[in-house]
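One structure is given here, and the rest of the page talks about it.
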Amino acid sequence: MKVRKGKLLCVGLICLDVVTTCKEFPVEDTLQRTESVSWQKGGNAANTSAVLGILGDEVDFMGSLPQSASDFSSKLMTSFVKAEMEDCGVGMQNVVNFTDKSLPFSCVILNKTKGSRTILHNNEGVTEPTFEDICRLNLDEYSWIHFEGRNIPEVLKMLDHVTAYNQKHPDEQIILSVDLERPNRKNIEQLIPYVDVLLVGRDFALGKGIQSAMEAVEHYRTVAKKRAYVVCPWGDTGAASGVAGAVDDVILTPAVPPDHVIDTLGAGDTFLGALIHSLRLERPLDDAVGYACAVAGFKCGHQGYKCLQ
Ligand code: ADP
Ligand code: FRU
């Protein structure tokens, strides 16, 4: 895949994650001591851009932050997540300010015995970036724009806007990628024909009645844009990948398990960051997926994302 020079942009959610590690999953209405607790920034697009920043890419994030929030806790949480993103090298100048609500928030339980992560998420009234926000950008600065598949009507308009730009720059196109994460987002599949790299999440695929990563890629490469890369990560199985409209087989790349699974929160976001990093270096798809599995597997063996720094 040919990628022009320029920055990356990830559009989507940023939130605060409060992560608690337990020996076992708690029993309702009991008190249990936990092994550790930490705060970190979260949200798919925020995590993916942070991984890209850590891997050395020049990357900006676009999402909503209540930067002028009046209540103390919102102010504190917002400056914390913003500082963490900047520490990972992510440009935060395209953040959209919203004033009325607090920062989206997740309580996460990591179960040490099973290696599972349970997320309780609240994003009540979050204001998503809009078409007008992307119109303010100078697209000449970017080589790749990734959209977390949220707020579908606005994302469709944003994709139209970048596609119109691409039509005027046939030899220097901006690469577009989308993450299909949740099956319940209405009309999310309308994003598929626009993109050069399509991520099909396991939860999304399961929600569509698909039972494996291979099956997901076989199906979605029949509906994706010709020559688009279609990739489906599937937990400790690894990830399947294939090219739309090609006759080559879909490939299953095995996961790279750590000695001990410590923290699988954001494994998919890490996988995606490493995949984009590698594809941007114009590596072949199977190499890029192998690298993404290695980076995501390594992260699963450590708490948080600092291990990648
Ligand atoms: P999500 O965080 O979106 O649920 P997945 O669980 O599908 O994402 O994981 C994404 C990628 O992370 C997988 O393709 C795999 O490479 C890696 N991964 C996830 N869980 C493990 C694990 N237990 N051991 C090794 N690698 C893992
Ligand atoms: C992990 C994650 C967390 C966040 C949640 C939001 O993929 O981005 O950081 O709390 O998902 O859905």
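First listed ligand is number 1; within each ligand, the first listed atom is number 1.
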>> Using a 6.0 Å cut-off, check whether atom CG of Asn138 has over 12 heavy atoms from anything other than its own residue.
In response: yes

>> Below 4.0 Å, non-hydrogen atoms only: which portion of Arg182 touches ligand 2? Side chain, backbone, both or neither.
In response: side chain

> Should you measure from each heavy atom of Ser106, which atoms of ligand 2 turn up under 4.0 Å away?
Replying inline: 4 (C), 10 (O)

> Nearest protein heavy atom to atom 2 (O) of ligand 1, by residue and atom, and its distance?
Replying inline: Gly268 N, 2.8 Å

>> I need the nearest protein heavy-atom contact for atom 9 (O) of ligand 2: residue, atom name and distance, please.
In response: Asp17 OD2, 2.6 Å

> So Asp140 and Tyr165, side chain to side chain contact (heavy atoms under 4.5 Å, CB included) or not? Walk me through it.
Replying inline: CA-CA 9 Å; Asp140 289 340; Tyr165 173 94; 2.6 Å; yes

> With a cut-off of under 6.0 Å to the ring centre and 45° to the axis, is Lys82 in cation-pi contact with Phe61?
Replying inline: no

> Under the 6.0 Å and 45° cation-pi test, does Lys299 pair with Tyr305?
Replying inline: yes

Are any of the N/O atoms on [X], whether in the backbone or the side chain, positioned under 3.5 angstrom from an N/O atom of ligand 1?
X: Gly238; answer: yes
X: Asp269; answer: no
X: Gly235; answer: yes
X: Val261; answer: no

>> Is a donor from one side chain sitting under 3.5 angstrom from an acceptor on the other, for Ser36 and Thr21?
In response: yes

> Under 3.5 Å, is there a donor-acceptor pair between the Glu181 and Asn44 side chains?
Replying inline: yes

> In terms of atom number and element, which parts of ligand 1 are under 4.0 angstrom from non-hydrogen atoms of Arg202?
Replying inline: 6 (O)

> What do we get for Ala292 next to ligand 1 when only non-hydrogen atoms under 4.0 Å count, side chain, backbone, both or neither?
Replying inline: neither

>> Under the side-chain contact (heavy atoms from CB on, under 4.5 Å) test against Ser106, which residue among Ile119, Leu265, Val18 passes?
In response: Ile119

